2 protein chains.
Amino acid sequence: MRMSELSRRSGASVTTIKYYLREGLLPAGRQLSATQAEYDENHLRRLRLIRALIGVRGLSVSTTREVLGALAEDTDDTHRLLGLTLGAIRLADEAEPDSPEPAEVDALIEELDWNVHGSAPARATLAETLAALRTLGSPLDWRVLLPYARLAEQTAVLDLDQLDGIEDPLEVAERALLLTVLLEPALLALRRMAQENESARRHADATGN
Amino acid sequence: MRMSELSRRSGASVTTIKYYLREGLLPAGRQLSATQAEYDENHLRRLRLIRALIGVRGLSVSTTREVLGALAEDTDDTHRLLGLTLGAIRLADEAEPDSPEPAEVDALIEELDWNVHGSAPARATLAETLAALRTLGSPLDWRVLLPYARLAEQTAVLDLDQLDGIEDPLEVAERALLLTVLLEPALLALRRMAQENESARRHADATGN
DNA sequence: GTTCTTGGATACCTCCACTATCCATGTTAG
DNA sequence: CTAACATGGATAGTGGAGGTATCCAAGAAC
């Protein structure tokens, strides 16, 4: 198909598609001549994925490029891919190398007996959250995170179950990416609603209502 | 204290503080004269909170203003405040009024027997996630979200437990805000690490390693 | 009383995700 | 065959967001 059809079927404008090609998010089509190129279903899938990551989830173009790169390389190493995508979350870049939090994070992971890569960006995210709460005068002991982590374990089991029965490694990686990244706002939304519900429940209990 | 001291103790530059004053994020100080104003500890607390929401969490200035406004008004209605902050999450603004997802979301909440406000932005977030997955060719039945929601319930219990023992309503609201918003990246980080761990575990099982 | 600091207003800057325009080459309708 | 339109690629421009730099008049410090 031509670029205009790609545009129609994906909802992205032709100029936006050109932009993604330039930025290396979308691989070039098959060149038919100097000024003609052809695209296939894979381009369409990829483009829809890009639109979801950027438009729905709000990832930056550069993050999206990294994530898609990981998708291309590590279709086998699914759990490495899952780790990689966290760079997405956009946490402040201001690393404080002298902060004591990494030790706390290490202690947490040790206590959990988790097998996670030492350089996982998730570690930095945790450390920074603890640091931020500390400077705000509401420090949080890492042990408070333990029960949260146990719930995260159960969430991860659900996540991985979703990938069962898919054979094609590329498809596994792509669905893993989708479920990891796109489900994040949904899970946070569930948490907010659950908080509202729990808060109302406790308030009702307290007033005997 | 003067603006310069506010700047030193908060880490934000004087010009940034002026910017937040202009944008209405930070209340004006007590005017001593035409060109002198004085700030107190409350300003400092507020400013640190703003820096955490914008700098660490990445909220927009306008969202932060809304959230802080809710904090000022609804110090009593904590669970309403919790619901309000979800506007933060930045999901695409492209509401599709003819999408069938709201019905699914309603079914989910009905099944959960949750007491949540009908206009909760979280509902829209869920609907949009389902819509995005559908257009990507990976539709997700709302029933799949049920076990996730049950885990969210337990998470919410942990969240609300953190607020126990605080009397001052303003302090409750502020800590609720911190724990809800700042903990979000941390919870997602825990999920990613748990996924990595679970994936490694399953892989090890499969290979008999 | 001169120098430094402060608060306030205004204009400017940088980055990001697009978007508009131009042009040479291709395709297609008559 | 040719004239009108479409396509791809390159380059420059747009709009919004989150600050930042500069200027100035009024106080404060020595």
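Predicted model, so just to flag it, every value in this text is computed and none were measured. Residue numbering restarts at 1 for every chain, and letters A, B, ... go by the order of the sequence lines.
- Rounded to a whole Å, the CG atom of L21(A) is 7 Å from the P atom of dG9(D).
- Taking a 4.0 Å limit (strictly below) on heavy-atom distances, residues 40-47 of chain B does not reach DNA chain D anywhere.
- Taking atom CG of residue L25(A) and atom P of nucleotide dC16(C), one finds them 14 Å apart after rounding to whole Å.
- In this model, a donor atom of one side chain and an acceptor atom of the other lie less than 3.5 Å apart for R51(A) and Y20(A).
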I'd like a table of atom pairs between the protein and nucleotides 18-20 of chain C - only N or O on both sides, under 3.5 Å - with the distance next to each one.
unit_1: dC18(C); atom_1: OP2; unit_2: Y20(A); atom_2: OH; d: 3.0
unit_1: dT19(C); atom_1: OP2; unit_2: T16(A); atom_2: OG1; d: 3.0
unit_1: dT19(C); atom_1: O4; unit_2: R22(A); atom_2: NH2; d: 3.4

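- Comment: R46(A) does not engage D40(A) in a salt bridge, judged by the lack of any side-chain N to carboxylate O separation of less than 4.0 angstrom.
- Taking the side chain as every heavy atom from C-beta outward, L158(B) and V144(A) never approach each other to under 4.5 Å.
- To the nearest 0.5 Å, atoms OG1 (T125(A)) and CZ (R123(A)) are separated by 12.0 Å.
- If you measure from atom CE of M1(B) to atom C1' of dG7(C), you get 16 Å, rounded to the nearest angstrom.
- Between R2(B) and E5(B) there is no salt bridge, since none of the side-chain N atoms of the basic residue sits less than 4.0 Å from a carboxylate O of the acidic one.
- Salt bridge R134(A)/E104(A): present, at least one basic N to carboxylate O contact under 4.0 Å.
- Judged purely by distance below 3.5 Å, without hydrogens or angles, the side chains of E153(A) and W114(A) pair a donor atom with an acceptor atom.
- Distance from the side chain of Q36(B) is smallest for dG27(D) among the nucleotides dG8(C), dG26(C), dG27(D).
- Dashed line: the shortest gap from a side-chain N or O of S60(A) to OP1 or OP2 of dC16(C) is not under 4.0 Å.
- Between M3(A) atom CE and dT27(C) atom P the separation is 15 Å, expressed in whole Å.
- The residue Q31(A) sits close only to the backbone: its heavy atoms come under 4.0 Å of sugar-phosphate atoms, none of a base.
- With respect to the salt-bridge test (charged N to carboxylate O, under 4.0 angstrom), the residues E128(B) and R57(A) do not qualify.
- Between the CZ atom of R2(A) and the C1' atom of dT28(C) there is a distance of 12 Å, rounded to whole Å.
- Between the OG atom of S199(B) and the CG atom of D159(A) there is a distance of 11.0 Å, given to the nearest 0.5 Å.
- As judged by a 4.0 angstrom heavy-atom cut-off over every strand, S4(B) is placed among residues touching the sugar-phosphate backbone only.
- dG8(D) atom C1' lies 11 Å from atom CG of L32(A), rounded to whole Å.
- One can place CG of L53(B) at 12 Å from P of dG19(D), the figure rounded to the nearest angstrom.
- Taking atom CD1 of residue I17(B) and atom C1' of nucleotide dT6(C), one finds them 12 Å apart after rounding to whole Å.
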